[in-house]
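Worksheet: the structure to be examined is printed underneath.
What you see below is based on every heavy atom in this structure, not just the backbone, and it leaves out hydrogens, waters and symmetry mates.
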Amino acid sequence: MQVEDFLTKQEEEKIIAAIQKAETATSGEIRVHFEKNLDKDCLERAQELFFYLKMENTKDKNGVLFYVAVDDHQFAIIGDEGIDKVVPDDFWESVKNIVVNEFAKGNNANGLVMGILEAGQKLQQYFPYQKDDINEISDEISTS
């Protein structure tokens, strides 16, 4: 699958820009991954990909994966264990709701942009940006 199957080049660039902007507020590392179809539960697959993409290798265990199964119209957000240890159980609900609501309107890219920016704002409280922060995970959208 190619990103272009789901987004225009301009939409892809907006999402990457949103990741870069969100990461100026937090040391959290955000990645977006698209896959054509699911062969299992969406959350389970997102967790597999989280480790496959080596997102657990961040210094503060604060990686975030936005996973989209395009043809199955499924979406999940996964945060690493460093995030899960310090945030409330419903931490991702507002982010998920933003993305899902925009997807339902057919605004795929806008949903991801808004969700990514919301995630960056929310993560800032627990993982503020550090002067010596380095970008540990590529901002590029990945696919499989």
Side-chain angles (χ1 to χ4, degrees), residues 1 3 5-7 10-144:
M1 154 164 213
V3 174
D5 295 339
F6 189 66
L7 302 169
Q10 292 80 15
E11 290 171 328
E12 179 182 2
E13 290 169 3
K14 283 182 185 178
I15 291 168
I16 292 168
I19 292 169
Q20 292 166 343
K21 181 175 182 181
E23 290 180 357
T24 64
T26 179
S27 63
E29 295 288 336
I30 300 169
R31 184 170 205 165
V32 175
H33 185 88
F34 292 122
E35 195 164 52
K36 191 167 179 61
N37 298 98
L38 275 171
D39 58 0
K40 57 182 67 175
D41 176 73
C42 185
L43 197 53
E44 185 181 336
R45 180 62 179 146
Q47 289 168 330
E48 284 179 0
L49 281 166
F50 189 90
F51 292 104
Y52 176 78
L53 296 169
K54 301 189 182 324
M55 295 195 59
E56 79 281 9
N57 290 342
T58 60
K59 178 181 69 132
D60 294 324
K61 301 291 184 196
N62 59 356
V64 177
L65 177 64
F66 282 70
Y67 169 73
V68 181
V70 176
D71 288 353
D72 295 312
H73 304 284
Q74 297 284 317
F75 167 75
I77 306 171
I78 300 289
D80 203 352
E81 64 185 38
I83 296 170
D84 290 345
K85 286 180 183 176
V86 298
V87 301
D89 290 341
D90 64 349
F91 183 78
W92 296 115
E93 285 304 306
S94 65
V95 177
K96 180 183 168 193
N97 290 339
I98 288 169
V99 175
V100 169
N101 288 338
E102 289 299 308
F103 279 11
K105 297 177 198 173
N107 300 330
N108 301 329
N110 195 46
L112 287 167
V113 167
M114 291 171 62
I116 289 163
L117 294 175
E118 174 79 0
Q121 287 290 101
K122 291 182 71 135
L123 285 167
Q124 183 178 26
Q125 177 183 351
Y126 302 95
F127 297 94
Y129 182 81
Q130 305 295 318
K131 278 195 275 188
D132 62 346
D133 188 54
I134 59 167
N135 193 12
E136 299 175 85
I137 295 175
S138 171
D139 297 334
E140 299 301 310
I141 297 171
S142 58
T143 62
S144 59

Is there a donor-acceptor contact under 3.5 Å from the side chain of Asn107 to the main chain of Asn110?
no
Please determine whether side-chain contact (heavy atoms from CB on, under 4.5 Å) holds for the pair Ile16 and Glu140, giving the CA-CA distance in whole Å, both sets of side-chain angles, and the decisive distance to 0.1 Å.
CA-CA 6 Å; Ile16 292 168; Glu140 299 301 310; 3.5 Å; yes
Restricting to non-hydrogen atoms, name the atom on Phe66 and the atom on Ala119 that form the minimum distance, rounded to 0.1 Å.
CZ-CB, 4.0 Å
Measuring from Lys54:NZ to Ser138:OG, what's the distance to the nearest 0.5 Å?
14.5 Å
Keeping Asn62 on the side-chain end and Ser27 on the backbone end, is there a donor-acceptor pair under 3.5 Å?
yes
Heavy atoms only: give me the nearest Ser144-Leu49 pair and the separation to one decimal.
OG-CD2, 4.3 Å
Test side-chain contact (heavy atoms from CB on, under 4.5 Å) applied to Leu112 and Phe75, step by step
CA-CA 10 Å; Leu112 287 167; Phe75 167 75; 4.3 Å; yes
Quick one: NE2 on His73 to CG on Leu38, what's the gap to the nearest 0.5 Å?
11.5 Å
Interatomic distance, CD1@Ile83 vs CG@Leu123, rounded to 0.5 Å, equals 5.0 Å
When Tyr67 is tested against each of Gln74, Arg31, Arg45, Glu48 for side chain to side chain contact (heavy atoms under 4.5 Å, CB included), which residue passes?
Arg45
Output the distance between atom CG (Asn97) and atom CH2 (Trp92), rounded to the nearest 0.5 Å.
13.5 Å
Over all heavy atoms of both residues, which pair between Asp80 and Glu56 is shortest? Give the atoms and the distance, please.
OD2-CA, 3.2 Å
Shortest non-hydrogen contact between Ala46 and Leu65, atoms and distance:
O-CD2, 3.5 Å
If you count the non-hydrogen atoms of other residues, nucleotides and ligands that lie under 6.0 Å from NZ in Lys14, is the total more than 12?
no
Gap between atom OG of Ser94 and atom CE of Met114 - 0.5 Å precision
11.0 Å
Contact between Phe34 and Ile141 at the side-chain level, heavy atoms closer than 4.5 Å - yes or no?
yes
Could you tell me whether the side chain of Glu11 and the main chain of Ala109 form a donor-acceptor pair under 3.5 Å?
no
Just so I know, are the side chains of Val99 and Ile116 near enough to count as touching, which here means a heavy-atom distance under 4.5 Å?
no
Smallest heavy-atom separation, Ile30 atom then Gly120 atom, equals CD1-N, 4.4 Å
All ring pair (Phe, Tyr, Trp, His ring centres under 6.0 Å) counterparts of Phe91, not counting sequence neighbours:
Tyr126
Provide the full list of salt bridge (charged side-chain N to carboxylate O under 4.0 Å, His left out) pairs with a residue in residues 98-127, sequence neighbours left out, each pair given once.
Glu102-Lys105
What residue pairs, at least two apart or across chains, pass side chain to side chain donor-acceptor pair (under 3.5 Å) with a residue in residues 16-26?
none
Would one find more than 12 heavy atoms of other residues, nucleotides or ligands at under 6.0 Å from atom CG of Asn135?
yes
Nearest 0.5 angstrom please: Lys59 NZ to Glu29 CD, how far?
10.5 Å
Quick check: closest heavy atoms across Val64 and Met55, and the distance to 0.1 Å?
O-CE, 3.2 Å
